[in-house]
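What follows is a short report on a single structure.
Since we're looking at a predicted model, the values are computed, not measured. Protein chains get the first letters and strands the later ones, always in sequence-line order, with residue 1 at the start of each.
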Amino acid sequence: MNVANRDIAAVFNEIAELLDIEGANPFRIRAYRNAARVIFSYPKEMKNLVEEGFDLTTIRTIGNDLSQKIIEIVKTGELSFLNNLKHRVSPELEELLKIPGIGPKRVHLLHELLGINSASELKAALENGKLNQIAGFGPKLLEALRAALGQKPSKTKRYRLYDIRPVAQQIAAFLCDAKETVRVEIAGSIRRQRDTAKDIDLVAACKKNSDIMERFIGMDDVEAILMRGSTRSSIVLRNGMHVDLRVVPPRMFGATLHHFTGSKEHNIALRMMASKKGMKINEYGVFKEDILIASDTEADIYQVLGMPYILPELRENRGEIEAALENRLPSLVELRQIRGDLHAHTVYTDGTNTLKEMALAAHARGYEYLAITDHTQHLRIAHGLGEAKLLEQIGAIDRLNADLEEITLLKSAEVDILADGTLDLPDSVLKQLDFAVCAVHYRFNLSAKEQTRRILKAMENPCFSIFAHPTGRLLGLREPYELDMEAIIRSCADRGIILELNAQPDRLDIHDIHCRMAKEAGVKVAISTDAHSTADLGLMELGIGQARRGWLEKEDVINTFGLEEVIKLLRRRQH
DNA sequence: GCCGTTTTCGGCCCGACTGTTTTCAGTCG
């Protein structure tokens, strides 16, 4: 039985949904959701903690009851409480929650009064007029439901940061030109640099008589207006993305930007802290005895609460408030500190640019080095290189390096980790490289135990320097493969192996939680673009965002170091 | 269901907007 933290979190989240429909105490429901969130991003596997006999109630949000439930899930793979709950509340009802305009109260009502259990039954009731009988279901709501049922449920769809951020930037720039508008900022999860975002949140500072709302809802790409108020409006774009705009007077901008940047969990934690100090926080500012004491800037908000400014990337209630209070916030890594890229492809395999073009593009970014890491033979689909072809490339790089003055190409390869844990090229060849980047490209469906054993075996090879896209996830397309990341990180720490943070828009792998685990274990991270063209080198910024969410500082990231230091770190295993 | 410098009970963040109401519940973020 292998129960991962995400499985336990899923159980608790499902309990929360079902209890919500059942009409349980909202704070009890929140307790399950809070615990699910904490467990999902907890740096150690509950399974291991249970085996060690660790007292789970020492974890924030977990008390006696939930501790027992976790133990039951770990030991049996299921939870009798959830099974019983499912008998009382049909799990099918959860799909109704995905319909915009339908929350737990209405699901409960639909079920109790009309026996509705699913979206299709709701549709039938809508068509035969039964819904009209329910008090509180007026013509407008019915019309909204009719429209919503015509499309796929959209409450949970998330967009990649790479796709949604440019749209947000474009709209923000367009709104800046509105009358009496001082500034417009992107808030929400995009500002926090989350890998995906559900919608676009914008905050604007405007003086009186601004026409920004009209400008907003009148944009060319607006498909529908969901909500239209004097200070807040919500629209859907033709491409399906939801956009919210909040407008406030300039002197309250900081408080509002803070409120809509979130995360919700960070805000709640901050507000609870404030209330203990006799203060109240809302989207207009911090108040003490109803007197406004901070609202201009976000820094003011934190200052009156007695702590330094917390960067948006850290605002997840994952310990940043405690760190701020103790003055031990990390100094997050920045794009300008990056001095090279350690994962790039060329026309030798599936890249679109030559060695020289890649070298010049990296130099244009101010880099001192670029590692060429074309695929190896096993990856046929990418025309992976065999021994002869790789040796030819090594020669070509040597000749090119002799000509290049301000940048060095590093000789490497993205070496396949084969199913048996050996590497895809003989050691005699690997030893001619500066270092090897190793990755899993097939047999994703092994059990956690087998997959972990496969990779740990590969790590025994002293040429194995960087573990590329370690979890194999593809956002929205493929779940990460089963893997004991704690064991992998321990091995990296023992052997001096670097973990890659792959900056491709659909990878962003490893993600924030694993960055923190690596940092705490003393494992360095390489932020790499996995560039398949010169333009791809620009993806570095996306990787930096993820690294910052993972609390990484300059010294945690190997490619903030100069060439000599990098070579030393990457080759240390071979000496 | 959790939690505690107001500690084992009684709190638990806060407000905008909508629709269907005559003062508010539900949803959403």
Side-chain angles (χ1 to χ4, degrees), chain A residues 12 15-16 19-21 23-38 56-70 81 96-110 132 134-145 148 154-156 187-192 197-203 213 225-235 242-248 252 255-256 258-287 301 305 317 321 325:
Chain A
F12 285 178
I15 291 174
L19 284 177
D20 213 349
I21 293 169
N25 176 346
F27 298 106
R28 185 178 167 213
I29 295 163
R30 186 195 285 170
Y32 279 100
R33 294 219 165 95
N34 285 343
R37 185 178 52 78
V38 166
L56 298 176
T57 65
T58 57
I59 300 171
R60 196 167 42 94
T61 73
I62 295 172
N64 276 323
D65 183 273
L66 294 186
S67 162
Q68 289 308 313
K69 287 191 166 78
I70 292 169
F81 177 75
L96 291 175
L97 283 174
K98 297 199 177 86
I99 301 167
I102 298 280
K105 296 285 188 328
R106 284 176 181 152
V107 172
H108 185 74
L109 215 54
L110 290 168
N132 303 326
I134 304 182
F137 280 63
K140 288 262 184 121
L141 180 58
L142 296 187
E143 189 44 51
L145 290 182
S154 60
K155 253 190 211 175
T156 53
S189 44
I190 299 178
R191 182 158 180 249
R192 299 199 315 279
K198 188 165 57 66
D199 58 11
I200 297 171
D201 290 304
L202 299 171
V203 178
M213 272 311 176
I225 300 168
L226 298 177
M227 205 164 86
R228 180 186 183 176
S230 58
T231 64
R232 184 171 187 178
S233 295
S234 187
I235 59 162
H242 287 226
V243 191
D244 288 341
L245 174 65
R246 186 79 164 86
V247 181
V248 289
M252 297 183 161
T256 308
H258 182 266
H259 174 80
F260 283 94
T261 296
S263 66
K264 190 166 87 176
E265 289 76 15
H266 175 85
N267 287 351
I268 289 175
L270 218 52
R271 284 165 187 203
M272 287 179 70
M273 201 198 98
S275 80
K276 279 177 196 152
K277 294 186 172 191
M279 293 187 264
K280 187 181 82 165
I281 307 176
N282 61 25
E283 59 209 84
Y284 303 113
V286 184
F287 298 81
I301 310 270
L305 293 171
N317 194 23
I321 294 173
L325 288 170

Counterpart residues, side chain to side chain contact (heavy atoms under 4.5 Å, CB included), relative to [X] (two or more places apart):
X       : result
N132(A) : L142(A)
S234(A) : L226(A), M227(A), D244(A)
R191(A) : L257(A), T261(A), E298(A), Y309(A), P312(A), R315(A)
A197(A) : I164(A), S189(A), I190(A)

Could you check F81(A) against V107(A) and say which one's nearest nucleotide on DNA chain B is further toward the 5' end? F81(A)
Hey, which sits more toward the 5' end of DNA chain B by its nearest nucleotide, D201(A) or F27(A)? F27(A)
Heavy-atom check, side chain of [X] versus side chain of [Y], under 4.5 Å:
X       : Y       : value
V248(A) : T231(A) : no
L97(A)  : I21(A)  : yes
R60(A)  : N34(A)  : no
V247(A) : L245(A) : yes

Rounded [atom1] spacing from [N] to [M] in Å:
N       : M       : atom1 : answer
dG11(B) : dT7(B)  : C1'   : 12 Å
dT8(B)  : dG15(B) : C1'   : 32 Å
dC9(B)  : dC14(B) : P     : 25 Å
dC17(B) : dT23(B) : C1'   : 16 Å
dC13(B) : dC2(B)  : P     : 16 Å
dC28(B) : dT22(B) : P     : 23 Å

Which part of the nucleic acid, if any, lies within contact of [X], taking any heavy atom under 4.0 Å across all strands shown: a base, the sugar-phosphate backbone alone, or nothing?
X       : answer
P104(A) : sugar-phosphate
N267(A) : nothing
Y32(A)  : sugar-phosphate
N25(A)  : base
I268(A) : base
S189(A) : nothing
I29(A)  : nothing

Can you measure [X] atom [atom1] to [N] atom [atom2] for me and round it to whole angstrom units?
X       : N       : atom1 : atom2 : value
D199(A) : dG29(B) : CG    : C1'   : 8 Å
L110(A) : dG26(B) : CG    : P     : 12 Å
R232(A) : dT18(B) : CZ    : P     : 10 Å
L56(A)  : dC2(B)  : CG    : P     : 12 Å
K98(A)  : dC28(B) : NZ    : P     : 13 Å
R28(A)  : dC2(B)  : CZ    : C1'   : 12 Å
D20(A)  : dC28(B) : CG    : P     : 11 Å
E265(A) : dC12(B) : CD    : P     : 18 Å

From [options], nucleotide with atom closest to [X] side chain:
X       : options                   : value
R228(A) : dT18(B), dG29(B), dG1(B)  : dT18(B)
D65(A)  : dC14(B), dG1(B), dG26(B)  : dG1(B)
E283(A) : dG1(B), dA16(B), dG26(B)  : dA16(B)
M227(A) : dG29(B), dT27(B), dT18(B) : dT18(B)
K264(A) : dC14(B), dC13(B), dA16(B) : dC13(B)
D244(A) : dG15(B), dG26(B), dG29(B) : dG29(B)
A31(A)  : dC17(B), dG15(B), dC2(B)  : dC2(B)
R30(A)  : dG15(B), dC12(B), dG26(B) : dC12(B)

Ignoring backbone atoms, test whether T231(A) places a side-chain nitrogen or oxygen under 4.0 Å from the OP1 or OP2 oxygen of dC17(B). yes
According to a strict under-4.0 Å criterion, is Y284(A) in side-chain N/O contact with OP1 or OP2 of dC13(B)? no
Pair up each side-chain donor or acceptor in residues 275-283 of chain A with any protein partner under 3.5 Å, not counting sequence neighbours, and list the distances.
from	atom 1	to	atom 2	distance (Å)
S275(A)	OG	M272(A)	O	3.0
K277(A)	NZ	L305(A)	O	2.9
N282(A)	OD1	Y284(A)	N	2.8
N282(A)	OD1	G285(A)	N	3.2
E283(A)	OE2	R246(A)	NE	2.9
E283(A)	OE2	R246(A)	NH2	2.4

Any Lys/Arg nitrogen of R33(A) or D20(A) sitting under 4.0 Å from an Asp/Glu carboxylate oxygen of the other? yes
Sub-4.0 Å heavy-atom contacts from residues 270-280 of chain A onto DNA chain B, ordered by number: R271(A), M272(A), K280(A)
Assigned partner base of dT8(B), Watson-Crick or wobble definition, under 3.5 Å: none
